[in-house]
Q: 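First, the structure itself, so that you have it in front of you.
No experiment lies behind these values; they were computed from the predicted model shown.
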Amino acid sequence: MPEWLVTIHSVFRWVVLASAVGAIGLAAMSAWGGRAWDGLSDRLSLLFTITMDLQLLIGIVLWVLEQRWAGDAILSFLHPLAMIAAVGLAHVGRVRADRADSGPAKGMQAALFFALSLVVVLAAIPLYSWPV
């Protein structure tokens with residue numbers, strides 16, 4: 001149906017991946033004392049959650065417009081539910097990092113939950129969608 005929206009969803013995944021790698025990297029460096037949790041770390045963690053939210057929104061619009069609930073089980077239910085869980089993990093990580101007392105604690109919370117979120121995202125992408 002809206003092929004341009006599918007293209008946006010496919011291309012925007014690289015933005016999500018880049019923001020995830022950056023946010024996880026800065027959080028891990030902060031967690032292990034290599035770098036302080038500063039404004040850049042905080043902004044990149046915010047960017048990661050925003051890109052996840054936008055990607056989820058585009059995915060939900062596609063799911064509704066293309067009536068994906070009638071298709072195969074992976075794209076009908078597994079992929080959307082896993083992506084909702086991944087967005088939830090990203091937001092939990094951001095909130096827990098904001099509430100932590102010290103820089104290393106902030107980094108540890110963010111790195112843990114952002115990495116879990118990325119693992120869920122990668123596990124829920126259908127194999128035929130991977131650019132191999």
Q: Rounded to the nearest 0.5 Å, what's the gap from CG on D98 to CZ on R96? Could you check?
A: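 Interatomic distance, D98 CG to R96 CZ, rounded to 0.5 Å: 12.0 Å.
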Q: Find the distance between CZ (F113) and CZ (F48) and round it off to the nearest 0.5 Å.
A: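 It is 12.5 Å, given to the nearest 0.5 Å.
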Q: Are any of the side-chain heavy atoms of L17 and L118 separated by less than 4.5 Å?
A: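 In short, these two side chains touch, coming nearer than 4.5 Å.
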Q: Are E3 and I8 close enough that some pair of their side-chain heavy atoms sits under 4.5 Å apart?
A: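 When only atoms from C-beta onward are counted, I8 and E3 do not touch, as no gap falls below 4.5 Å.
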Q: Between A86 and V121, which heavy-atom pair has the shortest distance, and what is it?
A: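 Reported closest heavy-atom pair: CB-CG2, 3.5 Å.
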Q: Quick one: closest heavy-atom pair of M52 and S117, and the distance?
A: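 What the structure gives for the nearest pair is CE-OG, 3.4 Å.
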Q: Are any side-chain N or O atoms of R13 and backbone N or O atoms of S10, one a donor and one an acceptor, separated by less than 3.5 Å?
A: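 Confirmed, R13 side chain pairs with S10 backbone.
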Q: If Ile, Leu, Val, Met, Phe, Trp and Tyr residues are connected whenever their side-chain heavy atoms lie under 4.5 Å apart, and connections chain through other members, are L112 and V92 in the same group?
A: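 Both belong to a single hydrophobic cluster.
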Q: Please examine the side chains of D53 and H91, heavy atoms only from C-beta on, and report whether any two atoms are closer than 4.5 Å.
A: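 They are in side-chain contact.
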Q: Look at the side-chain heavy atoms of Ile, Leu, Val, Met, Phe, Trp and Tyr, link any pair under 4.5 Å apart, and say whether I50 and L40 land in one connected group.
A: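 No, because I50 and L40 fall into different hydrophobic clusters, even though each may have its own neighbours under 4.5 Å.
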Q: With heavy-atom distances below 4.5 Å as the criterion, would you say the side chains of V6 and E66 are in contact?
A: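 The answer is yes, as the side chains (C-beta and beyond) meet within the 4.5 Å cut-off.
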Q: Look up atom CG in L26 and atom CD1 in I24, then write down how far apart they are to the nearest 0.5 Å.
A: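 It is 10.5 Å, given to the nearest 0.5 Å.
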Q: Among the clusters formed by ILVMFWY side chains lying less than 4.5 Å apart, do V21 and V16 turn up in the same one?
A: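 Yes, it is one cluster - the side chains of V21 and V16 are joined through contacts under 4.5 Å.
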Q: Is there a path of hydrophobic side-chain contacts, each under 4.5 Å between heavy atoms of I/L/V/M/F/W/Y residues, joining L56 to V15?
A: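 Yes.
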Q: Please evaluate residues L5 and L65 with respect to the criterion side chain to side chain contact (heavy atoms under 4.5 Å, CB included), reporting the C-alpha separation (whole Å), side-chain torsions for both, the decisive distance (0.1 Å), and the verdict.
A: CA-CA 10 Å; L5 197 54; L65 289 178; 4.2 Å; yes
Q: Do you know the tightest heavy-atom contact between F114 and G93?
A: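 F114 and G93 have their closest heavy atoms at CE2-C, 4.1 Å.
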Q: Are L89 and L122 joined in one hydrophobic group, where the rule is that I, L, V, M, F, W and Y side chains link up if heavy atoms are under 4.5 Å apart?
A: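 In one cluster with L89: L122, no.
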Q: Does any non-hydrogen side-chain atom of S45 lie less than 4.5 Å from one of W37?
A: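 W37 reaches S45 side chain to side chain.
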Q: Kindly indicate whether the side chain of V61, heavy atoms from C-beta on, has any atom under 4.5 Å from the side chain of H9.
A: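 Not touching, per the 4.5 Å side-chain cut-off.
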Q: Do M83 and I125 come close enough that some side-chain heavy atom pair is under 4.5 Å?
A: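 A side-chain contact exists here, since the closest heavy-atom pair is under 4.5 Å.
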Q: So which atom in A111 and which in A28 form the shortest heavy-atom distance, rounded to 0.1 Å?
A: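 In terms of heavy atoms, the two residues are closest at CB-N, 3.9 Å.
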Q: Is R94 paired with D42 through a side-chain N to carboxylate O contact shorter than 4.0 Å?
A: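 Answer for the salt bridge query: yes.
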Q: For a 4.5 angstrom cut-off between non-hydrogen side-chain atoms, does S41 reach K106?
A: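 A side-chain contact is absent here, since even the closest heavy-atom pair is not under 4.5 Å.
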Q: Under a 3.5 Å threshold, yes or no: a donor from one side chain and an acceptor from the other, between T51 and S19?
A: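 Yes, side-chain donor-acceptor contact under 3.5 Å.
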